[in-house]
Amino acid sequence: MDDQTRMLTGLTGLGGLSQPDVGDPDSVRKQQSLGQPQQDIGDILQQIMAITDESLDEAQARKHALNCHRMKPALFSVLCEIKEKTVLSIRGVQEEDPPDPQIMRLDNMLLAEGVSGPEKGGGSAAAAAAAAAAGGSPTDSSIEHSDYRAKLAQIRQIYHSELEKYEQACSEFTNHVMNLLREQSRTRPISPKEIERMVAIIHRKFSSIQMQLKQSTCEAVMILRSRFLDARRKRRNFNKQATEVLNEYFYSHLSNPYPSEEAKEELAKKCGITVSQVSNWFGNKRIRYKKNIGKFQEEANLYAVKTAVDAANVSAQASQANSPATPNSGIGTIRPHLIVLLPGFYW
DNA sequence: CCGTATGATTTCCT
DNA sequence: AGGAAATCATACGG
């Protein structure tokens, strides 16, 4: 501030201005450079300095007088210029920083996860990508899948409403400060550039809030995602009916338990599971059966009976279309010696 | 709580 | 790419 006061006091010795067009800052500068006396400015400054020593009423009156003074705009423009050259220019250098890399990172992630960006499409695409990354087929539409999407939509909604609130608050505050500064610029020298800078400062402060919002949204998505992936990894036993269908196929194709793609699809549909789950099941079953045939003997016999009974029922129904027999009613009638013992495996 | 069953994943092979 | 084998991680029953 020392420089500024020195510059200001330096002005006092320049003498008064007689030209009427003092509203133009350029003319002021011209006159200064020409070394013309500017007594008026000196007077005004004296008066300003003296204001603090005066009573409130006097000060108010003088302030008003100063406000109306024909020299005021010129003086303010000079003061603003000085301010620009001193304090503000020092700060101004590091102000023009590029967009925060962390915010950019968060933005990219939110976009990739489908939280920000276009509406529905992004979300489902991200979910599909997550599913694909987890090894599932993208065509699988499981319950977890829709669950994930629903949760993501929820996060999305919260994020957008919060962001909207934030933007509203930010612009409200900015407007408020801008109005305040504009108001104040009548009584103290404030350049438009300074207001601009203040707005930038406010925005920077608000962007840290925005970052917090984005960060916590990202965290929420990550948690949801890990839970989603965990859910896929978490094992849920297939229901009885599904294992029954799979076992039936396995033991009735024991000589070649390798269902074709079509057969897998059919089984998947019947069991309410995915094709890859069918593949997993057959992979597991084959290896475990082969490892310990003895352990599966009982099960094998059971399903051999089952298929035999079913076959019998089918043929019975075919020959007697109006037979009242239920599919399982024949089990008790099967004689033990009819149980087909297992064929060996050749695979 | 422990042992076994079982669905999923990983690694290697063809 | 699809399968075998090993392994992981959880479910489930006693």
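This structure is a prediction, so every number in the text was calculated from the model and none was measured. Every chain is numbered from 1, with letters handed out A, B, ... down the list of sequences.
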[X] side-chain N/O to [N] phosphate OP1/OP2 under 4.0 Å:
X        : N     : answer
A:Lys264 : C:dG2 : no
A:Gln277 : B:dA8 : yes
A:Lys285 : B:dG7 : no
A:Lys291 : C:dA4 : no

In whole angstrom, give the distance that lies between atom [atom1] of [X] and atom [atom2] of [N].
X        : N      : atom1 : atom2 : result
A:Asn256 : C:dG2  : CG    : P     : 16 Å
A:Tyr289 : C:dA5  : OH    : P     : 15 Å
A:Ile287 : C:dC8  : CD1   : P     : 16 Å
A:Leu246 : B:dA5  : CG    : C1'   : 15 Å
A:Lys290 : C:dA6  : NZ    : C1'   : 13 Å
A:Trp281 : B:dT9  : CH2   : P     : 18 Å
A:Tyr258 : B:dT14 : OH    : P     : 15 Å
A:Ile273 : B:dT6  : CD1   : C1'   : 13 Å

Within 6.0 Å of CZ in A:Phe173, more than 12 heavy atoms from elsewhere: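 No - once you tally the heavy atoms of other residues, nucleotides and ligands closer than 6.0 Å, there are 12 at most.
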
Comparing A:Glu261 and A:Asn237 on DNA chain C - which has the more 5′ nearest nucleotide: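 Its nearest nucleotide being more 5', the pick is A:Glu261.
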
Residue mapping more 5' on DNA chain C - nearest nucleotide basis, A:Asn284 or A:Arg236: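 With A:Arg236 and A:Asn284 compared, the 5'-side residue is A:Asn284.
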
Selected nucleotide, minimal atom distance to A:Asn280 side chain, candidates C:dC12, C:dC8, B:dT9: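 Taking heavy atoms from C-beta onward, the closest nucleotide is B:dT9.
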
Sugar-phosphate, base or nothing in reach of A:Arg286, heavy atoms under 4.0 Å: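 If one applies the 4.0 Å heavy-atom cut-off, A:Arg286 turns out to touch the sugar-phosphate alone, with no base involved.
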
Sugar-phosphate, base or nothing in reach of A:Phe282, heavy atoms under 4.0 Å: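 Here A:Phe282 touches no strand at all.
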
Criterion salt bridge (Lys or Arg N to Asp or Glu O under 4.0 Å) on A:Lys165 and A:Glu162, from CA distance to verdict: CA-CA 5 Å; A:Lys165 268 192 240 165; A:Glu162 287 298 313; 3.0 Å; yes

Ion pair A:Glu266/A:Lys269, N-O distance below 4.0 Å: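 Answer for the salt bridge query: no.
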
A:Glu299 and A:Lys285 ion-paired at < 4.0 Å: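 Yes, A:Glu299 and A:Lys285 are salt-bridged.
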
Residues clustering with A:Ile103 (ILVMFWY side chains joined when closer than 4.5 Å, directly or via others):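 Reading the cluster by chain and number, A:Ile103 sits alongside A:Leu106, A:Met211.
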
